[in-house]
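Index from 1, following the sequence.
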Amino acid sequence: MSEGMRGPGVAERGNGHPEPAAGAAAGAGVPAGVSAAAVRGPGRGRALVRSVLPPLVLGVAFLLLWQLVVAVFDIKPYLLPSPTDIAGQVVAVFALLLSSMLATGLNALIGLVVGGVLAVLLALVASRLRVFDRMIVPLVAGLAVVPIVALAPILNTMFGSTSDTPRRVVVMIVVFAPIFINTLRGLRQVRPVHRDLMRAYAASSWQLTRTVTLPGAVPFIFTGLRIASSLAVISAIVAEYFGGLQNGLGSRITSAAANSAYPRAWAYVFGAIILGLVFYGVTLLLERFASRRRS
């Protein structure tokens with residue numbers, strides 16, 4: 001090929017065959033001098049907009065429709081307060097709302113962490129010992145269906161009505177089952193060829209668990225955590241309905257409803273929604289961070 005017939009993106013190898021130049025090898029459709037990071041940046045921004053904008057628009061439309069329905073049909077506040085009334089109460093009791101969210105969030109966080117760690121440890125033992133597996137799995141199944149409304153009053157009597165321990169124990173019991181079941185399922189997903197390879201290298205049981213079994217179960221553990229993060233907030237709020245310290249969202253909701261302050265009760269419900277979203281969002285961020293560390 002003559003010099004004048006070669007394209008700008010073609011160079012010549014030592015053996016006479018043409019090869020793409022560096023600019024052409026960077027990828028088709030990418031202009032010279034533009035880095036891959038600069039190309040990925042706008043793409044990530046568009047993906048973020050596509051994931052955030054639809055639920056945001058839907059939420060705003062739902063609130064506008066809610067406000068319109070309450071105004072047109074003249075629905076009384078004790079049946080359904082308007083979003084503007086609820087927003088006014090959020091502003092009016094913001095300091096109390098924030099302290100209640102912190103109290104409930106702390107109980108949910110402690111119960112989630114303790115229950116999650118205990119679930120993972122027992123799942124590790126169950127995956128190694130068949131006898132222990134047969135003993136604990138039926139107990140976990142029974143624990144998963146224990147009603148909070150029956151458990152919370154008993155725990156309040158046991159630990160005292162001035163302690164946060166009953167609420168944290170309730171959260172721990174509720175989150176234990178989904179984390180345990182998903183972790184145990186992940187620990188059983190190890191391929192036999194990987195296990196045999198580690199044994200061929202004379203790896204100990206702990207080395208096998210640390211390097212093969214547990215890393216492979218990480219996605220399953222986070223699946224259980226995603227489920228448990230929302231359950232932790234719900235169970236902490238429900239446990240507050242049955243006496244004890246009057247410092248959480250559940251007790252604030254029941255107190256406001258008992259005094260016919262329904263917009264204020266809905267303001268505390270709004271705080272519970274925000275708290276649940278925070279727990280779920282933090283779990284997603286931790287899962288994304290862990291997946292990047294593994295890749």
Side-chain angles (χ1 to χ4, degrees), residues 51 104-148 150-152 155 167-196 198 203 205-239 272-273 275-295:
S51 61
T104 301
L106 182 61
N107 291 332
L109 179 62
I110 293 176
L112 178 62
V113 171
V114 175
V117 171
L118 186 62
V120 172
L121 292 178
L122 291 180
L124 284 170
V125 177
S127 66
R128 301 293 302 171
L129 301 176
R130 189 178 299 272
V131 175
F132 184 76
D133 181 21
R134 293 176 178 174
M135 288 190 302
I136 195 172
V137 169
L139 296 178
V140 173
L143 198 64
V145 297
V146 173
I148 303 176
L151 188 62
L155 292 175
R167 301 167 183 181
R168 296 169 183 176
V169 172
V170 167
V171 175
M172 185 180 66
I173 292 174
V174 170
V175 304
F176 180 85
I179 299 177
F180 175 86
I181 293 172
N182 282 278
T183 302
L184 186 60
R185 183 179 302 171
L187 293 172
R188 290 172 174 170
Q189 297 299 315
V190 180
R191 296 181 180 180
V193 63
H194 294 163
R195 186 181 294 109
D196 294 340
M198 293 297 294
S205 298
W206 165 243
Q207 289 174 327
L208 175 64
T209 300
R210 182 174 57 86
T211 59
V212 177
T213 308
L214 195 57
V218 168
F220 294 86
I221 295 174
F222 276 104
T223 299
L225 279 175
R226 284 202 307 269
I227 300 172
S229 62
S230 301
L231 291 177
V233 177
I234 295 172
S235 57
I237 293 174
V238 173
I273 294 173
L275 186 61
L277 290 175
V278 168
F279 268 66
Y280 188 76
V282 170
T283 305
L284 289 180
L285 290 177
L286 291 175
E287 181 179 11
R288 182 168 299 181
F289 176 75
S291 62
R292 288 181 178 179
R293 291 289 300 271
R294 291 176 64 244
S295 60

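Here CG of Leu231 is found 13.5 Å from CD1 of Ile173. Values are rounded to the nearest 0.5 Å. Taken from CZ in Phe180 to CG in Leu124, the straight-line distance is 10.0 Å, to the nearest 0.5 Å. To the nearest 0.5 angstrom, Phe222 atom CZ is 10.5 Å from Ile179 atom CD1. Considering CD1 of Ile181 and CZ of Phe220, their distance stands at 14.0 Å, rounded to 0.5 Å. Note: Glu287 CD to Thr283 OG1 = 8.5 Å, rounded to the nearest 0.5 Å.
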Just list the side-chain donor-acceptor pairs under 3.5 Å for residues 104-121, sequence neighbours left out, or say none.
{"unit_1": "Thr104", "atom_1": "OG1", "unit_2": "Ser100", "atom_2": "O", "d": "3.2"}
{"unit_1": "Thr104", "atom_1": "OG1", "unit_2": "Glu240", "atom_2": "OE1", "d": "3.3"}
{"unit_1": "Thr104", "atom_1": "OG1", "unit_2": "Glu240", "atom_2": "OE2", "d": "2.9"}
{"unit_1": "Thr104", "atom_1": "OG1", "unit_2": "Leu249", "atom_2": "N", "d": "2.9"}
{"unit_1": "Asn107", "atom_1": "OD1", "unit_2": "Arg168", "atom_2": "NE", "d": "2.9"}
{"unit_1": "Asn107", "atom_1": "OD1", "unit_2": "Arg168", "atom_2": "NH2", "d": "3.4"}
{"unit_1": "Asn107", "atom_1": "ND2", "unit_2": "Ala103", "atom_2": "O", "d": "3.4"}

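Residue Ser235 comes nearest to Val171 through the heavy atom pair OG-CG2, 3.5 Å, listed as atom of the first residue, atom of the second, then distance. The heavy-atom pair separating Ala123 from Thr183 by the smallest distance is CB-CG2, 3.7 Å.
Between the Ser229 side chain and the Arg226 main chain, a donor and an acceptor come within less than 3.5 Å of each other. Remark: side-chain polar atoms of Ser230 are not paired, donor with acceptor, to backbone N or O of Ile227 under 3.5 angstrom. Counting only distance, with no hydrogens or angles, the side chain of Asn182 and the backbone of Pro178 share a donor-acceptor pair below 3.5 Å.
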| request: Apply the test side-chain contact (heavy atoms from CB on, under 4.5 Å) to residues Leu122 and Phe132: give CA-CA distance (whole Å), side-chain angles for both, the deciding distance (0.1 Å), then the verdict. | output: CA-CA 9 Å; Leu122 291 180; Phe132 184 76; 3.9 Å; yes
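In this structure, Leu184 and Val137 have side chains that are in contact, with non-hydrogen atoms separated by less than 4.5 Å. Counting heavy atoms from C-beta outward, Ser127 and Asp133 have side chains that stay 4.5 Å or more apart. In this structure, the side chains of Phe176 and Leu143 come closer than 4.5 Å at one or more pairs of heavy atoms.
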